[in-house]
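Report on the following structure.
As a basis for the values below, the full set of heavy atoms in this structure was taken, side chains included, without hydrogen atoms, waters or symmetry mates. Chain letters run A, B, ... following the sequence lines, proteins first and then strands; every chain starts at 1. Owing to the predicted nature of the structure, the values given are computational and were not obtained by experimental measurement.
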Amino acid sequence: MSLIELKEVSKIYSMGKGSIEVRALKGVDLAVDEGEFVSIMGQSGSGKSTLLNIVGCLDKPTSGEYWLDGCLVGSLGSDELAEVRNKIMGFVFQSFNLLPKLTAVGNVELPLVYAGVHPRIRREEAIRALDMVGLADRASHRPNELSGGQQQRVAIARALVSNPRVVLADEPTGNLDTKSSYEIMDILADMNKRGITVVIVTHDPDIAAYTPRVLTFRDGECIEDVRALEGV
Amino acid sequence: MRPADYLRLALSGVTSNPFRSILTALGVIIGVSAVIITVSIGTGAKVQTQSQIQRLGSNLITISSGYRSLRSVITSDILPIIENINTVGEVVPQVQRQSTVVHGAEGLSTTVTGTSANYPSVRNLKLAQGSFLTDADIDKGSWNCVLGADLAEELFGDDNPLGQKVRLDRVRFTVIGVAQRQGDSGFASSDNAMYVPYTTMQRRITGSKNINTIIAQAVDASSMDLAYSQIYAMLMMATGDEDSFRISNQADMLEVASDVTDTMTLLLSGIAAVSLVVGGIGIMNIMLVSVTERTREIGIRKAIGAKEHEILSQFMLEAAALSLAGGLLGIVVGLVGSRIVSQVFSWPTAVDMKSVALGFTLSLIVGVFFGAYPAYKGAKLDPIVGLRYE
Ligand SMILES: Nc1ncnc2c1ncn2[C@@H]1O[C@H](COP(=O)(O)OP(=O)(O)OP(=O)(O)O)[C@@H](O)[C@H]1O
Ligand SMILES: [Mg+2]
């Protein structure tokens, strides 16, 4: 069984009093194995973010089943979902989503705070994660003292710090210039080499070219699933 | 999450916007300090009235004429009858009149009390100079008098009043004693007073055998009730009319006085408690604003694994910290405030530790109660909605 398995997953947003329905996902079947590096492409509004949010246990499908590592996510309570997000998932967002009041290292250690890790240990882990993204010297800077690329690297360090099995990134390079984008992709590829399953959403074919597998979405359906040949 | 992290989070919530936190806590500060000040004024008043009533003497029963009787039945004739009751020890007549006392060019309005020789022992009056009236004075209706401390000072200044003459109406009295200062009894100064034999008073000044009040002292505290009913029965027998006389005992007075102050205290602290509720609503308002402002923060925290109860505790603790800080400051303001009240207005105050504990508990309850709804709202937030919030 794959690490991530979606079966007939649909997401319907009903606006107002049920008159207008937006079908963001229309019965998506998808399997991602442990250790894969996948990118999702598609037009705006095709349901990529919706899918990623469901995979990340931030959102629930209207119908269909989501199996994560052999466990039916729909049967989990809100505390268990929080636990999954804390221990198994790492998120990277287009708009970084760092807490402005905390320093870089404060942001990075936040998942460990909720995991109940001892302050000294989590500080060490956070510094190590910052080191992995090359920002150990910026540990005590606040987000507004960092460039966009640096902020995104802090966000990646935060996603990494709790040793997740899956990292989900929704347009992680969407707000960055080309050079920073490639730096971010190098870090993500590096994480993937260490065995973490990485799924990213992107509009940029050059970014998608980093990943051996590319899914293309249109109108809530997966219309293409391309795997690059080994060694390309 | 570790307990220390909860505390750190709550404190950083309070201190990240100090001015707003102080304004928010102000409602609680005012509420708690108002509760403490009003309760301390109330307790002070109660303690004071009780000590005043006690100071008038102990085990006393007061007999006076009824409101509706045209001809007073309380006269000198009654005195020996009351004296004969076995549960009654001392009996003191008081014939009182407001009058002007003159010495040289000085004339002062004062309360003149015609009484008997045992007045000082029953009413706790102590002499500073000379001696009080004697039984001989009473028997022959002498022209001797004793002055209250204030009156003596006003009339004679630094001169020795003993042996001097003072004039009351057309009668000249010789000063044989000066009383010690007693302090205000709340109603009138008992130091602006003059004591003369009641016999002289009746013959020369009032011209009747009437007595305003007879003070009967029971032999001991346990015979108060018996003495009271015996006096009542005796007066009924002598007059045949319940409305022609009044009797009251000290216990009744104490009870009435403390009932009055208790009611006042309850009323005032009720008003103070209302301001505490208003303070609580202020906290709720700011916490709602805070939860809305931090919608995105909540979304981020949930996305990285914060559980609902962890978000709930974060905001509840923040509200409790605000309100507790307000409560503690309120206690300090209340303590200082009641000190100021007693010094500036010279009202007696007594800070009751119970009211401090009450203020503290109330502020905690207010914080938890009014923080609950905003915190619940934050905890239930959908992480997706939080992350999308601008
Ligand atoms: N909370 C919501 N309520 C209503 N409709 C929604 C909501 N979120 C998404 N949608 C709709 O669902 C559809 C898919 O949205 P989604 O955000 O998944 O698109 P996307 O592929 O990520 O687009 P983009 O590339 O622009 O980010 C869109 O039509 C969008 O309008
Ligand atoms: Mg999107």
- [ ] Specify which of A:Pro119, A:Gly116, A:Ser162 makes the most heavy-atom pairs with chain B at under 4.5 Å.
- [x] A:Gly116

Open item on the list: What part of B:Glu308 gets within 4.5 angstrom of chain A, counting heavy atoms only: side chain, backbone, both, or neither?
Closed with: both

TODO: Could you tell me which of B:Lys302, B:Glu297, B:Arg301 has the largest number of non-hydrogen atom pairs under 4.5 Å with chain A?
DONE: B:Arg301

Open item on the list: For A:Leu98, which atoms come within 4.5 Å of any heavy atom of chain B: side chain, backbone, both, or neither?
Closed with: backbone

Task: Under-4.0 Å salt bridge between B:Lys307 and A:Glu83 - done: yes

Task: salt_bridge(B:Asp262, B:Lys46) N-O dist < 4.0 Å - done: yes

TODO: Please check if atom OH in B:Tyr6 has more than 12 non-hydrogen atoms from other residues, nucleotides or ligands closer than 6.0 Å.
DONE: yes

Open item on the list: Check B:Arg20 with B:Glu293, please: is the shortest side-chain N to carboxylate O separation under 4.0 Å?
Closed with: yes

Task: A:Val32, A:Asn192, A:Val167 screened by side chain to side chain contact (heavy atoms under 4.5 Å, CB included) with A:Phe37, the one that passes - done: A:Asn192

Open item on the list: Using heavy-atom distances under 4.5 Å, tell me whether A:Val117 contacts chain B through its side chain, its backbone, both, or neither.
Closed with: backbone

Open item on the list: Does atom CE (B:Met1) have a neighbourhood of more than 12 heavy atoms from anything else shown, all under 6.0 Å?
Closed with: yes

TODO: Check each atom of B:Ser12 against the heavy atoms of chain A and say whether the ones under 4.5 Å are side chain, backbone, both or neither.
DONE: neither

Task: Structural part of A:Lys101 lying under 4.5 Å from a heavy atom of chain B - done: side chain

